[in-house]
Amino acid sequence: MSAELFLIAPADVPAETLGPALKATFAQREVAALLLPRGSLSENAYKTLVKSVTPMAQNAGAAVLIEGAPGLVRLLGADGLHVSGSTDAVREAVDVLKPQLIVGVGDITSRDDAMEKGELDVDYILFGPLSGAISQDEREMARWWAETMEIPSVLSDPSAGYAEHEAEGCEFIGIGLDLSEKAE
């Protein structure tokens, strides 16, 4: 079984740039999930971005995951929340959103951190960064998780291209969106 594509949009990209690149990607690849990092966007700019690309992504069969407060997920029509933070933040998101919506967690610092957060009924654990390259330690942790745990793992290597990634046995491979990709 090959890993499903977990697409990570670059932070701080306006909808008018992001939309065409997403359209081209969805036309060429099957994408299981799209993560829209907030970056340094204001709350209103982020809401506009999410609202503008969510219908296109969902129509292409991709679950849309956002960052921020759990209440934003339903308000913006997203499919779930990606939490990078404390176990309390993860617990709050699970309490508010589960079982109807997705709660995933990233910013994992150790195996103990992964297990602690995994015990909170999350839908996936993301190992690696949301931008840049994955470290060897993060890659090894993702491989260990995929081999030993039932909760799906995302090996996040946003700097890898679509053809050059290695999922290390994980259920999902996190790849950064290529903004230069054009529709065929």
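Within a 6.0 Å radius of CD in Glu30, no more than 12 heavy atoms belonging to other residues, nucleotides or ligands are found.
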Q | Intermediate values then yes/no, salt bridge (charged side-chain N to carboxylate O under 4.0 Å, His left out), Glu147 and Arg143 | A | CA-CA 6 Å; Glu147 291 172 354; Arg143 184 182 311 120; 5.2 Å; no
(Q) Would Asp95 and Arg91 count as a salt bridge (charged side-chain N to carboxylate O under 4.0 Å, His left out) here? Give the steps. (A) CA-CA 6 Å; Asp95 289 347; Arg91 190 174 289 111; over 6 Å; no
**Q.** Test side-chain contact (heavy atoms from CB on, under 4.5 Å) applied to Arg111 and Trp145, step by step
**A.** CA-CA 8 Å; Arg111 289 182 178 195; Trp145 185 270; over 6 Å; no
Q | CA sep, side-chain torsions, deciding dist, call: Val154, Glu171, side-chain contact (heavy atoms from CB on, under 4.5 Å) | A | CA-CA 6 Å; Val154 179; Glu171 290 84 356; over 6 Å; no
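Between Ile66 atom CD1 and Asp79 atom CG the span is 10.0 Å, to the nearest 0.5 Å. Rounding to the nearest 0.5 angstrom, the gap separating the CD atom in Gln100 from the CG atom in Leu97 is 8.5 Å. Rounding to the nearest 0.5 angstrom, the gap separating the OG1 atom in Thr54 from the CD atom in Gln58 is 5.5 Å. Atoms CG and CD1, from Asp107 and Ile125 in turn, are 11.5 Å apart once rounded to the nearest 0.5 Å. Annotation: the span from Leu126 atom CG to Cys170 atom SG amounts to 9.5 Å, rounded to 0.5 Å. With values rounded to the nearest 0.5 angstrom, Thr48 atom OG1 is found 9.5 Å from Leu41 atom CG.
Residues Leu7 and Leu35 have side chains not in contact (no heavy-atom distance under 4.5 Å, counting atoms from C-beta outward). For the pair Leu81 and Ile102, the minimum side-chain heavy-atom distance is 4.5 Å or more. Counting only heavy atoms from C-beta outward, the side chains of Val105 and Leu120 never approach each other to under 4.5 Å. In this structure, Leu22 and Leu34 have side chains that are in contact, with non-hydrogen atoms separated by less than 4.5 Å. By the 4.5 Å heavy-atom criterion applied to side chains, Arg139 and Phe127 are not counted as neighbours. Residues Val83 and Lys117 have side chains not in contact (no heavy-atom distance under 4.5 Å, counting atoms from C-beta outward). Looking at Leu130 and Glu67, their side chains come closer than 4.5 Å, going by heavy atoms from C-beta outward. Between Ile134 and Leu155, some side-chain heavy-atom pair lies under the 4.5 Å cut-off.
Transitive grouping of hydrophobic side chains (ILVMFWY, heavy atoms separated by less than 4.5 Å) keeps Val103 and Tyr124 in distinct clusters. Leu177 is not connected to Leu65 by any chain of hydrophobic side-chain contacts under 4.5 Å among Ile, Leu, Val, Met, Phe, Trp and Tyr, and they are in different clusters. Residues Tyr46 and Leu179 are members of one and the same hydrophobic cluster, defined by side-chain heavy-atom contacts under 4.5 angstrom among Ile, Leu, Val, Met, Phe, Trp and Tyr. Taken together through direct or relayed side-chain contacts under 4.5 Å among Ile, Leu, Val, Met, Phe, Trp and Tyr, Met149 and Phe6 form parts of separate hydrophobic clusters.
The nearest pair of heavy atoms linking Ser153 to Ala142 is OG-O, 4.2 Å. Of all heavy-atom pairs between Ala146 and Gly169, the closest is CB-O, 3.5 Å. For the residue pair Ile8 and Pro158, the shortest heavy atom distance occurs at CD1-CG, 4.1 Å. The minimum heavy-atom distance between Glu16 and Pro20, with the atom names listed, is O-CD, 3.2 Å. Minimum heavy-atom separation, Ala114 to Ile108: CB-CG2, 3.7 Å.
Put simply, the side chain of Thr17 never gets that close to the backbone of Val13: no donor and acceptor are under 3.5 Å apart. Between the side chain of Glu138 and the backbone N or O of Ser135 there is at least one donor-acceptor pair closer than 3.5 Å.
Listed by chain and residue number, nothing satisfies the salt bridge (charged side-chain N to carboxylate O under 4.0 Å, His left out) test with Arg38 (two or more places apart in sequence, or in another chain). Residues satisfying the ring-ring contact (aromatic ring centres under 6.0 Å, His included) test with Phe172, not counting sequence neighbours, are none. Applying the salt bridge (charged side-chain N to carboxylate O under 4.0 Å, His left out) test to Lys98 and every residue at least two apart in sequence or in another chain returns Asp123.
Checking Asp178 against Ser180 by side-chain atom types alone, a donor-acceptor pair falls below 3.5 Å.
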